[in-house]
Amino acid sequence: VCLPWWVAAVDNIRIAYPSTSFTTMPMLAASKFGFYQQEGLRPELILMRPNISVAAVVTGQVEFATAHGSIVRAAAQGMPVKSLMVVADRPAYYLVAKPSVNSVSALRGRSVGIASLGGSVHLMTKEFMSRNNLDADKNVALVVTGDHNTSIQAMQNGHVDAAVISVPWQTVAEKAGLLKLAYFGDVMRLPMAGLGASDENIAKKPDLLRRAVRATLRGIDFLRDAKNKKEVAGIMVEWFKIRMEQAEEAYGQMVEAYPPNGVVADEVIEKDLEIARQTGAIKNRVALSRVVDFQFVKEARNELSGKKP
């Protein structure tokens, strides 16, 4: 990639992500197609559990963490971090089940596999169960089954009756003979990923954050542009280790999750915090300015208007 003459030095940025998920695709696209490099940045994507990634942002071990929910909840509890943008504004997750379970209500008294406890997927699953008159603490057993592979195996082996898995793995689950019971993205709006940074870097390195946010927003633009579907499907094949036809089938639903402006309405963040309060993850009400700072992404969107990649 040829850098403009005014980009002199190259800054390394480390981005912590929690899993091989659709939520990391904007950063992958921005890296693969040179958007970070064009901003004078050299990105390194590092797999890291959400709670650890928040601590790593605070201590400066990484510049960014994509686990939006964990960043926002940590900020609400007083940690010096904020979310700078939202890269996925709805849960592109499916509830899939063994063939013997043919409805959500049939899960009463049964077990559901989730990736981990305490994160956004856990809170989202509890909220979804509540909307379907099921108490995830009493009527349904939530069991940690890990990633999509081990979750599908857990259903096949009879360890759990259902599991929550993200796009595009529902295509793999269906091929394995499992049933799709619900798509969370149809009924919920919850920020699932973003770019979180430390208050210190917001104060001391605003230019670095501005460039990273702008490049990531270009990644979203690239993913959402249908003319790039083949190239995006190619990244999906590589990232998710799925077949091209599965990637193309999942593409439309996946890109719906990426908000074109990199932000969500205040009430969506408020709802996220309300769910966290209801489930005991946070205790008190906090001002939105304590948990998010969308100044960089709003500036970037204005700059990029009419200049999409």
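Bear in mind that the values here come from a model prediction, so they are computed numbers and not experimental data.
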Candidate pair Tyr251 and Gln246, rule side chain to side chain donor-acceptor pair (under 3.5 Å), full reasoning: CA-CA 9 Å; Tyr251 168 84; Gln246 291 172 321; over 6 Å; no

Criterion side chain to side chain contact (heavy atoms under 4.5 Å, CB included) on Met25 and Leu28, from CA distance to verdict: CA-CA 5 Å; Met25 287 286 292; Leu28 272 178; 4.1 Å; yes

Worked check of salt bridge (Lys or Arg N to Asp or Glu O under 4.0 Å) between Glu248 and Arg243: CA-CA 9 Å; Glu248 291 184 343; Arg243 295 195 303 275; over 6 Å; no

Audit row: Arg277, Glu274, salt bridge (Lys or Arg N to Asp or Glu O under 4.0 Å) steps and yes/no: CA-CA 5 Å; Arg277 271 193 297 276; Glu274 177 60 31; 3.0 Å; yes

Trace of the side chain to side chain contact (heavy atoms under 4.5 Å, CB included) decision for Val297 with Val263: CA-CA 8 Å; Val297 74; Val263 298; 3.3 Å; yes

Residue pair Met155, Leu178: steps toward the side chain to side chain contact (heavy atoms under 4.5 Å, CB included) verdict: CA-CA 8 Å; Met155 285 182 279; Leu178 299 165; 3.7 Å; yes

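Looking at every heavy atom in both residues, Pro91 comes nearest to Met192 through CA-CG, 3.6 Å. A pairwise comparison of heavy atoms in Leu179 and Asn102 identifies CD1-CA, 4.4 Å as the closest pair. Annotation for Tyr36 and Ala215: closest pair CD2-CB, 3.3 Å, computed over non-hydrogen atoms. Taking all atoms of both residues into account, the shortest heavy-atom contact from Gln37 to Ala30 is OE1-O, 3.9 Å. Taking all atoms of both residues into account, the shortest heavy-atom contact from Ala76 to Val291 is N-CG1, 3.7 Å. Of all heavy-atom pairs spanning Ile220 and Pro260, the tightest one is CG2-CA, 4.4 Å.
Side chain of Asn228 to main chain of Leu223: no donor-acceptor pair is present (N/O by atom type, distance under 3.5 Å, no hydrogens or angles). No donor-acceptor distance shorter than 3.5 angstrom exists from the side chain of Asn201 to the backbone of Ala197, with no hydrogens or angles considered. Here the side chain of Thr216 pairs a donor or acceptor atom with the backbone of Ala212 at under 3.5 angstrom. Proximity of a side-chain donor or acceptor of Ser151 to a complementary backbone N or O of His148 within less than 3.5 Å is not detected. Using a distance-only test at 3.5 Å, with no hydrogens or angles considered, no donor-acceptor pair links the side chain of Arg290 to the main chain of Val72. Put simply, the side chain of Arg14 never gets that close to the backbone of Ile46: no donor and acceptor are under 3.5 Å apart. Between the side chain of Trp239 and the backbone N or O of Thr24, no donor-acceptor pair lies under 3.5 Å. The backbone N or O of Asp161 sits less than 3.5 Å from a side-chain atom of Ser111, completing a donor-acceptor pair. Under the 3.5 Å distance criterion, the side-chain polar atoms of Asp225 are matched with a main-chain donor or acceptor of Lys227.
Taking 4.0 Å as the cut-off between side-chain N and carboxylate O, Asp293 and Lys82 do not count as a salt-bridged pair. Here Asp11 pairs with Arg211 in a salt bridge; the nearest charged N to carboxylate O distance falls below 4.0 Å. We find that Arg131 and Glu127 are joined by a salt bridge, their nearest charged nitrogen and carboxylate oxygen being less than 4.0 Å apart. In this structure, Arg108 does not pair ionically with Asp135, as no charged nitrogen and carboxylate oxygen lie closer than 4.0 Å.
Side-chain contact between Val57 and Glu63 is absent, with no heavy atoms from C-beta onward closer than 4.5 Å. Residues His159 and Val143 have side chains not in contact (no heavy-atom distance under 4.5 Å, counting atoms from C-beta outward). In this structure, Val62 and Ile15 have side chains that are not in contact, with every pair of non-hydrogen atoms separated by 4.5 Å or more. Between Arg189 and Lys271, every side-chain heavy-atom pair lies at or beyond the 4.5 Å cut-off. Inter-residue side-chain proximity for Pro191 and Ile269 is flagged as met; some heavy-atom pair is nearer than 4.5 Å.
In this pair, Trp169 and Phe240 present their aromatic rings perpendicular. The plane angle is above 60°, beyond the 30 to 60° band. A perpendicular orientation is assigned to the rings of Phe22 and Tyr93, their planes being inclined by more than 60° (bins at 30° and 60°).
Here the CD1 atom belonging to Ile202 is positioned 5.0 Å from the CG atom belonging to Leu84, to the nearest 0.5 angstrom. Once rounded to the nearest 0.5 Å, the distance linking NZ of Lys98 with CG of Leu181 reads 12.0 Å. Here the CZ-OG distance, from Phe294 to Ser83, works out to 5.0 Å after rounding to the nearest 0.5 Å. Once rounded to the nearest 0.5 Å, the distance linking CG of Leu123 with CG of Asp272 reads 8.0 Å. Here the OG1 atom belonging to Thr23 is positioned 6.5 Å from the CE atom belonging to Met27, to the nearest 0.5 angstrom. With values rounded to the nearest 0.5 angstrom, Leu134 atom CG is found 13.5 Å from Lys126 atom NZ.
In this model, a donor atom of one side chain and an acceptor atom of the other lie less than 3.5 Å apart for Gln61 and Thr59. Side chains of Asn302 and Ser305: a donor-acceptor N/O pair is absent below 3.5 angstrom, by distance only. Of the N and O atoms on the side chains of Arg218 and Gln38, at least one donor lies less than 3.5 Å from an acceptor on the other residue.
Note on Leu208: it does not cluster hydrophobically with Ile71, by side-chain heavy-atom contacts below 4.5 Å among ILVMFWY residues.
Not less than 6.0 angstrom separates the ring centroid of Phe128 from the ring centroid of Tyr183. Taking the ring centroids of Phe184 and Tyr94, they lie at or beyond the 6.0 Å cut-off.
A 6.0 Å sphere centred on NZ of Lys230 holds no more than 12 heavy atoms belonging to other residues, nucleotides or ligands. Residue Lys32 places its NZ atom among 12 or fewer non-hydrogen atoms of other residues, nucleotides or ligands, all under 6.0 Å distant. A 6.0 Å sphere centred on CZ of Arg224 holds more than 12 heavy atoms belonging to other residues, nucleotides or ligands.
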